[in-house]
Amino acid sequence: MVYLLYGEDTYRSRVKLREIVAEFRKKAGGVLNVTTIDAEEDSEAVLSVGRFVSFFSEKQLFVIENASSADDQVHKYIRARARDWEKDSSFTVIFWERVGEGGRSGKNKFIEDIKPAVTKLQESRPLVGAGLHRWIDNQAAGEG
């Protein structure tokens, strides 16, 4: 499975990321190999995703943050393997991007390239107006 969470509202997309990871842990009975990689800080680590099988758990979950900031070698590796990752039921990759589709300089090429292999995607656009007020009210109600 391949998930893509992206958008300028990083707070809500981080909340969604934590929910997804928690749900996977719950389904795996607490035995889940979770690896988080920030491709902006360590793009070389992305090149090891999917190359090794975990001996300690049946399911593996990789959270790759900021992959759009990585170099072309990493993008090429992801494009070449993303379709296989999507089909593998014991292997899940979640891409978390803090940028929107358009980005500051036109279309975000990484997001456009990865979309065909994505099982589920969610864009977090900034809330404005009545939507923002509803969200604040819901958050306040949740906090009591």
Side-chain angles (χ1 to χ4, degrees), residues 1-129 131-136 138-140 142-143:
M1 264 185 160
V2 178
Y3 287 75
L4 173 60
L5 303 174
Y6 67 99
E8 296 172 45
D9 188 343
T10 58
Y11 178 82
R12 288 188 307 132
S13 66
R14 283 273 185 210
V15 168
K16 186 65 175 177
L17 176 61
R18 286 191 294 271
E19 289 172 3
I20 293 170
V21 171
E23 187 63 30
F24 271 90
R25 276 202 170 106
K26 182 179 168 185
K27 285 181 181 177
V31 182
L32 178 68
N33 183 16
V34 180
T35 303
T36 301
I37 300 168
D38 187 336
E40 195 170 51
E41 293 178 8
D42 186 11
S43 60
E44 293 293 316
V46 176
L47 301 176
S48 67
V49 172
R51 291 189 180 201
F52 306 102
V53 177
S54 173
F55 294 111
F56 303 107
S57 64
E58 290 181 26
K59 302 221 179 232
Q60 295 183 78
L61 174 62
F62 288 89
V63 177
I64 302 174
E65 299 180 359
N66 306 310
S68 63
S69 299
D71 60 25
D72 287 338
Q73 179 185 13
V74 171
H75 290 180
K76 198 179 288 186
Y77 178 80
I78 291 170
R79 280 193 305 272
R81 286 164 179 77
R83 292 278 189 189
D84 294 330
W85 295 342
E86 186 227 350
K87 296 172 188 170
D88 190 340
S89 62
S90 66
F91 189 85
T92 302
V93 178
I94 303 172
F95 291 100
W96 182 87
E97 295 291 328
R98 67 173 162 247
V99 295
E101 262 183 284
R104 289 189 179 110
S105 59
K107 288 278 188 196
N108 183 313
K109 183 157 175 35
F110 174 77
I111 290 175
E112 291 303 312
D113 286 349
I114 199 70
K115 272 186 177 180
V118 170
T119 309
K120 295 182 181 181
L121 70 93
Q122 181 173 331
E123 181 178 11
S124 297
R125 294 183 180 166
L127 294 174
V128 294
L132 177 59
H133 292 291
R134 269 193 309 277
W135 182 82
I136 291 171
N138 289 337
Q139 290 295 306
E143 295 292 322

Not counting sequence neighbours, which residues clear side-chain contact (heavy atoms from CB on, under 4.5 Å) with [X]? List them please.
X    : answer
E23  : K26, K27
I136 : L132
D84  : none
S68  : E97, V99, N108, F110

Tell me every residue that passes side chain to side chain donor-acceptor pair (under 3.5 Å) with [X], counting only those two or more places apart in sequence or in another chain.
X    : answer
S13  : W96
N66  : D38, R98
R79  : D113
T119 : none

Answer whether the closest heavy-atom distance between the side chains of [X] and [Y] falls below 4.5 Å.
X    : Y    : value
K16  : Y3   : no
V34  : R25  : yes
R12  : L127 : yes
L47  : Q73  : yes
T36  : V21  : no
L121 : F95  : no

Non-hydrogen atoms of [X] and [Y] that approach each other most closely:
X    : Y   : result
S69  : E40 : OG-OE2, 3.4 Å
A39  : I64 : CB-CG2, 4.4 Å
A117 : E86 : O-CG, 3.3 Å
I37  : A45 : CD1-O, 3.6 Å
V2   : A82 : CG2-O, 3.8 Å

Spacing of [atom1] belonging to [X] relative to [atom2] belonging to [Y], to within rounding of 0.5 Å:
X    : Y    : atom1 : atom2 : value
F24  : M1   : CZ    : CE    : 5.5 Å
Q122 : I20  : CD    : CD1   : 7.0 Å
Q60  : D88  : CD    : CG    : 8.5 Å
F62  : S48  : CZ    : OG    : 6.5 Å
L4   : I114 : CG    : CD1   : 7.5 Å

Return the set of residues passing salt bridge (charged side-chain N to carboxylate O under 4.0 Å, His left out) with E143 (not counting sequence neighbours), or none when no residue passes.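 Result, salt bridge (charged side-chain N to carboxylate O under 4.0 Å, His left out) vs E143: none returned.
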
Who pairs with E65 by salt bridge (charged side-chain N to carboxylate O under 4.0 Å, His left out), at least two apart in sequence or on another chain?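 Applying salt bridge (charged side-chain N to carboxylate O under 4.0 Å, His left out) to E65 gives R14.
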
For the residue pair W135 and Y11, does the interplanar ring angle fall in the parallel (under 30°), tilted (30 to 60°) or perpendicular (over 60°) class?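 Perpendicular: the ring planes of W135 and Y11 meet at over 60°.
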
Just by distance, do the side chain of D72 and the backbone of H75 share a donor-acceptor pair under 3.5 Å?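 Flag not set: sc D72 to bb H75 has no pair under 3.5 Å.
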
